[in-house]
Amino acid sequence: MTAMPQTPTVLHAPVIDWFDEHARDLPWRRPEAGPWGVMVSEFMLQQTPVSRVLPVYEQWLARWPRPADLAAEPPGEAVRAWGRLGYPRRALRLHGAAAAITERHGGEVPRDHAKLLALPGVGEYTAAAVASFAYGQRHAVLDTNVRRVFARAVSGAQYPPNATTAAERKLARTLLPEEEPVAARWAAATMELGALVCTARTPSCARCPIAGRCAWKAAGSPAHDGPPRRGQTYAGTDRQVRGKLLAVLREAVGPVPQSALDAVWEEPVQRARALDGLVADGLVEPLADGTYRLPLT
DNA sequence: TACCCGTGGTG
DNA sequence: TCACCAAGGGT
């Protein structure tokens with residue numbers, strides 16, 4: 001059961017005041033980033049830490065300052081520029097989003113949440129984040145940081161559920177400040193609080209602006225009880241093989257022979273399955289002569 | 001819903 | 001050392 005705060009607004013001022021003082025100076029938060037910069041950052045930050053995104057973000061925006069600039073290049077160039085950020089399908093989707101923005105929205109990142117949501121690679125979180133951070137709109141922005149902050153401060157649990165629940169969305173809407181600019185500030189502030197203070201492993205409650213109102217802390221910071229949180233195995237999986245295969249193609253200038261791909265993984269069945277998967281995903285293009293390259297279309 | 005999808009830092 | 005973790009989305 002989720003406990004409703006008696007007066008939701010009491011959290012707003014301390015969290016936003018804390019954000020005013022402690023917010024990181026990130027490039028996508030600067031005014032010159034614009035909606036496109038915000039969108040690029042949101043794609044890159046999906047499951048990838050800020051520190052690793054920073055250099056790639058700068059290169060990306062310098063090379064493709066507008067959606068149309070990216071849309072004008074082959075998707076394989078986006079995959080190559082993605083580097084080692086991980087989950088390279090995001091690069092493909094960002095390229096697809098840029099193409100859709102160019103074709104359907106006159107080259108401007110749409111302001112409307114529903115239109116954002118219709119873009120490839122843009123889900124509930126990213127649509128709300130772009131609408132809120134880039135356009136100052138009032139949306140519940142529920143990422144892993146915000147979910148953890150609310151789980152602790154309001155629900156009294158160490159961790160949120162594995163999958164986002166309807167109760168969490170309702171709570172987020174309940175806590176959202178009424179005024180649009182305040183709501184946008186709140187969204188960024190709660191995310192930052194989760195990223196810097198209310199961290200997953202060892203939260204710094206001594207530095208938390210709402211520690212005095214935290215339900216989890218008040219309960220004695222009880223350990224997580226429910227089902228174990230989903231772990232991520234990696235070694236020996238298809239994902240690892242796909243990563244090795246794509247790394248070869250990223251670093252190659254032109255098409256690579258089958259033999260170069262065969263060299264990265266011993267086991268032929270899994271290797272073939274991984275390569276087929278990359279082709280099916282549009283990350284790799286097989287050529288008639290038996291070589292492979294990053295996609296030109 | 002549960003699972004798939006990369007990569008690297010860290011306690 | 002190694003399991004956990006990092007501004008999710010698609011199916």
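Excluded from the calculations below are hydrogen atoms, water molecules and symmetry mates; all remaining heavy atoms, backbone and side chain alike, are included. In what follows, chains are A, B, ... by sequence order, proteins preceding strands, each numbered from 1.
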Determine the interatomic distance between P on B:dA2 and the same-named atom on C:dA7; round to the nearest Å. 23 Å
Under 4.0 angstrom between A:Tyr87 side-chain N/O and C:dG10 OP1 or OP2: no
So A:Arg250, base contact, sugar-phosphate only, or nothing? Heavy-atom distance under 4.0 Å. sugar-phosphate
Is it true that A:Glu178 and A:Arg138 have a side-chain N and a carboxylate O under 4.0 angstrom from each other? yes
For a quick check of understanding: with a heavy-atom distance under 4.0 Å over all strands, which category does A:Phe133 fall into, base, sugar-phosphate or nothing? nothing
Nucleotide C:dG9, atom C1' - distance to CG of A:Leu142 in whole Å: 15 Å
Run the salt bridge (Lys or Arg N to Asp or Glu O under 4.0 Å) check on A:Glu266 and A:Arg271 step by step: do they pass? CA-CA 8 Å; A:Glu266 191 70 20; A:Arg271 190 177 66 221; over 6 Å; no
So, OP1 or OP2 of B:dG8: does either fall under 4.0 Å of a side-chain N or O from A:Arg239? no
What is the distance, to the nearest angstrom, from the CZ atom on A:Arg90 to the P atom on C:dG9? 11 Å
With the 4.5 Å side-chain cut-off for hydrophobic clustering, are A:Val264 and A:Tyr234 part of the same group? no
Please work out which residues in residues 41-56 of chain A have a non-hydrogen atom less than 4.0 Å from an atom of DNA chain B and list them by number. A:Gln47, A:Thr48, A:Arg52
Within residues 182-205 of chain A, those residues having any heavy atom closer than 4.0 Å to DNA chain B are A:Arg201
Looking for any heavy atom pair under 4.0 Å, which part of the strands does A:Leu246 touch: base, sugar-phosphate only, or nothing? nothing
In terms of the angle between their ring planes, are A:His224 and A:Tyr159 parallel, tilted or perpendicular, with boundaries placed at 30° and 60°? perpendicular
Of the nucleotides C:dG8, B:dT7, B:dG6, which one has an atom closest to the side chain of A:Asp143? C:dG8
Looking at the rings of A:Trp82 and A:Trp60, which for Trp means the six-membered one, are their centres under 6.0 Å apart? yes
By nearest atom, which of the nucleotides B:dG6, B:dC5, C:dA7 is closest to the A:Tyr234 side chain? B:dG6
Taking for A:Arg148 and for A:Arg89 the nucleotide of DNA chain C with the nearest heavy atom, the one nearer the 5' end belongs to A:Arg148
For A:Leu245, run the side-chain contact (heavy atoms from CB on, under 4.5 Å) check against A:Leu261, A:Val284, A:Asp262 and tell me which one passes. A:Leu261
Tell me the closest heavy-atom pair linking A:Phe43 and A:Arg90, and the distance in Å. O-NH1, 3.0 Å
Rounding to an integer number of angstrom, what distance separates B:dT1 and C:dA6 when you compare their C1' atoms? 23 Å
Nearest whole Å is fine: how far is B:dC4 C1' from A:Asp276 CG? 16 Å
With sugar-phosphate meaning primed atoms plus P, OP1 and OP2, does A:Trp82 contact a base, only sugar-phosphate, or nothing at under 4.0 Å between heavy atoms? nothing
Give a yes-or-no answer on whether the side chains of A:Gln47 and A:Tyr87 include a donor-acceptor pair shorter than 3.5 Å. no
Heavy-atom pair of closest approach, residues A:Tyr135 and A:Pro110: CE1-O, 3.3 Å
Suppose you measure atom C1' in B:dG6 against the same atom in C:dC5; what distance do you get, rounded to whole Å? 14 Å
For A:Gly123, answer base if it contacts any base atom (sugar-phosphate contacts may also be present), sugar-phosphate if it contacts only those atoms, and nothing otherwise; contact means non-hydrogen atoms under 4.0 Å. sugar-phosphate
For C:dG10, does either OP1 or OP2 sit under 4.0 Å from a side-chain N or O belonging to A:Arg93? no
Are A:Glu42 and A:Tyr125 linked by a side-chain donor-acceptor pair shorter than 3.5 Å? yes
CZ of A:Arg242 versus P of B:dC3: gap in Å, rounded? 18 Å
A:Asp238 near the nucleic acid: base, sugar-phosphate alone, or nothing, with a heavy-atom cut-off under 4.0 Å? sugar-phosphate
Take atom CD of A:Glu124 and atom P of C:dG10, then tell me their distance rounded to the nearest Å. 11 Å
For a quick test of reading the model, state the closest non-hydrogen atom pair linking A:Glu180 to A:Gln137 and the distance between them. OE2-CA, 3.4 Å
Nearest whole angstrom, please: distance from the P of C:dG8 to the CG of A:Leu92. 20 Å
Mind checking A:Arg84 for me? I need base, sugar-phosphate or nothing, with any heavy atom below 4.0 Å counting as a touch. sugar-phosphate
Specify the separation, in whole Å, of atom CG of A:Asp281 and atom C1' of B:dC5. 8 Å
For A:Asn162 and C:dC5, give me the distance from atom CG to atom P, rounded to whole Å. 10 Å
